[in-house]
Amino acid sequence: MKTYHLKTPLLQEDIEKLELGDVVYLSGKAFTCRSRLHRWVLDEGNPLPHAAAERDLLIHVGPIVLPDEKKKWRLISFMPTSSIRFEKWGARAVDEWGLKMIVGKTTMGEETMAMMREKKCVHVSPQCVSPNAWIEHIEIEDVELFRELGTIEATWSLKIDELGPFVVDIDCRGNNLYKNHEAEVNANRKAALAALGIDEDFEYTKLY
């Protein structure tokens with residue numbers, strides 16, 4: 001396992017050197033995206049907002065943001081959401097938006113992973129739950145589609161500085177950290193049940 005400090009725009013050589021379990025800290029420009037932006041662009045045919053199109057780092061997050069007294073935006077809380085929720089659009093987003101990295105919790109599916117292999121893109125997950133500790137590493141530069149999509153679903157343009165740590169869970173060669181762990185967990189579960197003399201098809205006790 002290695003630790004990398006990467007800056008956007010991300011280079012193909014940056015992405016190709018990453019392996020499962022590596023830790024990354026991110027600096028540069030990023031944009032946020034949730035379900036509504038995916039639908040707005042990929043299902044409804046609207047263009048990707050200009051600032052987002054200039055960025056190759058997407059974060060699956062709906063930040064909590066309030067206006068401050070200077071008519072700017074103040075970040076209150078920031079915690080990536082589960083990426084598997086967006087699998088319907090994942091492959092197209094990687095392909096059509098030119099993504100090099102996606103940040104989000106959990107994993108993504110086979111179609112997105114295949115496109116990541118083709119386009120050289122990776123997925124990384126938070127190593128910790130730290131929605132407020134990250135605030136000092138994030139500067140809000142702009143927001144687009146605020147009126148159309150609302151504060152959570154709008155796309156926020158961010159400038160980040162040493163944001164992390166994140167763990168590489170899908171690399172650009174088709175490897176998936178969660179799948180590897182799932183196989184290991186299932187093997188250990190099977191061995192534990194056998195040692196305890198419990199059938200693998202047992203059912204949990206019903207309380208009611």
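Values below: every heavy atom of this structure, side chains too, minus hydrogens, waters and symmetry copies.
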### Task
Mind running side-chain contact (heavy atoms from CB on, under 4.5 Å) on W97 and R92 for me, showing each step along the way?
CA-CA 8 Å; W97 298 354; R92 288 185 63 194; over 6 Å; no
### Transitive ILVMFWY side-chain link Y178 to V103, under 4.5 Å
no
### Query
Side-chain heavy atoms under 4.5 angstrom apart, residues restricted to Ile, Leu, Val, Met, Phe, Trp, Tyr: same cluster for F78 and L26?
yes
### Message
In the structure I gave you, are the side-chain heavy atoms of V122 and I15 within less than 4.5 Å of one another anywhere?
### Response
yes
#### Entry: Sequence-distant partners of S27, side-chain contact (heavy atoms from CB on, under 4.5 Å), two or more places apart
K7, D161, E162
### Pairing residues for H137 by the ring pair (Phe, Tyr, Trp, His ring centres under 6.0 Å) criterion, not counting sequence neighbours
none
### Message
Please give me the minimum heavy-atom distance between P80 and I59, naming the atom from each residue.
### Response
CG-CG2, 4.3 Å
### Task
Tell me yes or no: between the side chains of S82 and T106, is some donor less than 3.5 Å from an acceptor?
yes
### Query
Heavy atoms, side chains only, cut-off 4.5 Å: are P165 and C128 in contact?
yes
### Message
Are I152 and V41 connected into the same hydrophobic cluster when the rule is that any two of I, L, V, M, F, W, Y join if their side-chain heavy atoms are below 4.5 Å apart?
### Response
no
### Task
For residues I76 and I135, report the shortest heavy-atom separation together with the two atoms involved.
O-CD1, 2.9 Å
### Query
Out of curiosity, Q127 CD to D169 CG, how far, rounded to the nearest 0.5 Å?
12.0 Å
### Query
Do N176 and T107 have a side chain donor and acceptor closer than 3.5 Å?
yes
### Task
State, with a plain yes or no, whether a side-chain heavy atom of M101 is found less than 4.5 Å away from one of L6.
yes
### Task
For residues 149-173, pull every pair meeting ring-ring contact (aromatic ring centres under 6.0 Å, His included), keeping only residues two or more places apart or in separate chains.
W73-W156, W134-F166
### Query
With a cut-off of 6.0 Å (strictly less than), are more than 12 heavy atoms of other residues, nucleotides or ligands near NZ of K2?
no
### Query
What is the distance from atom OH of Y25 to atom CG of L163, rounded to the nearest 0.5 Å?
10.0 Å
### Straight-line distance of H5 NE2 to T3 OG1, nearest 0.5 Å
6.5 Å
### Task
Could you list all the salt bridge (charged side-chain N to carboxylate O under 4.0 Å, His left out) pairs where at least one residue sits in residues 39-48, not counting sequence neighbours?
R36-E44, D43-K88
### Message
Tell me whether V65 shares a hydrophobic cluster with F31, the cluster being built from Ile, Leu, Val, Met, Phe, Trp, Tyr side chains joined at under 4.5 Å.
### Response
no
### Task
Any chance you could lay out the side-chain contact (heavy atoms from CB on, under 4.5 Å) test for L58 and C33, step after step, and finish with the verdict?
CA-CA 7 Å; L58 179 155; C33 177; 3.8 Å; yes
### Query
Shortest non-hydrogen contact from L37 to T32?
CD2-O, 3.9 Å
### Query
Side-chain contact, heavy-atom cut-off 4.5 Å: I84 with E87?
yes
### Message
So L10 and K120, do their side chains get closer than 4.5 Å, heavy atoms only?
### Response
no
### Query
SG of C121 to NZ of K100: how many Å apart, nearest 0.5 Å?
7.5 Å
### Message
Between L57 and I170, is there shared hydrophobic-cluster membership here, with clusters defined by ILVMFWY side-chain heavy atoms closer than 4.5 Å?
### Response
no
### Query
At what distance, to the nearest 0.5 angstrom, does CD of E96 lie from CE of M115?
8.5 Å
### Query
Just wondering, more than 12 heavy atoms not from E144 lying within 6.0 Å of its CD?
yes
#### Entry: With F86 via ring pair (Phe, Tyr, Trp, His ring centres under 6.0 Å) - residues at least two apart
H38, H60
### Query
Just checking, any donor-acceptor pair under 3.5 angstrom between side chains of S35 and E153?
no
### Query
Has the side chain of D14 got a donor or acceptor atom that lies under 3.5 Å from a matching backbone atom of L11?
yes
### Task
With rounding to the nearest 0.5 Å, note down the distance linking OG1 in T8 to NZ in K159.
10.0 Å
### Message
Applying salt bridge (charged side-chain N to carboxylate O under 4.0 Å, His left out) as the test, list every pair that has at least one member in residues 51-65; sequence neighbours left out.
### Response
R55-E141
### Task
Locate the shortest heavy-atom distance separating S83 from I102; write the atom from each residue and the value.
OG-CG2, 4.3 Å
### Query
Can you tell if the side chain of K29 reaches within under 4.5 Å of the side chain of L158, non-hydrogen atoms only?
no
### Query
Quick check: does any side chain N or O of E139 sit under 3.5 Å from a backbone N or O of I160, one acting as donor and the other as acceptor?
no
### Message
Measuring only between side-chain heavy atoms, which start at C-beta, is P126 closer than 4.5 Å to K105?
### Response
yes
### For the student: nearest non-hydrogen atoms of R173 and E16, plus distance
NH1-O, 2.8 Å
### Donor-acceptor pair, side chain of D171 and main chain of L18, under 3.5 angstrom
no
### Summary
Closest heavy-atom pair, L177 versus V167, reported as atoms and distance to 0.1 Å, is CD2-CG1, 4.0 Å
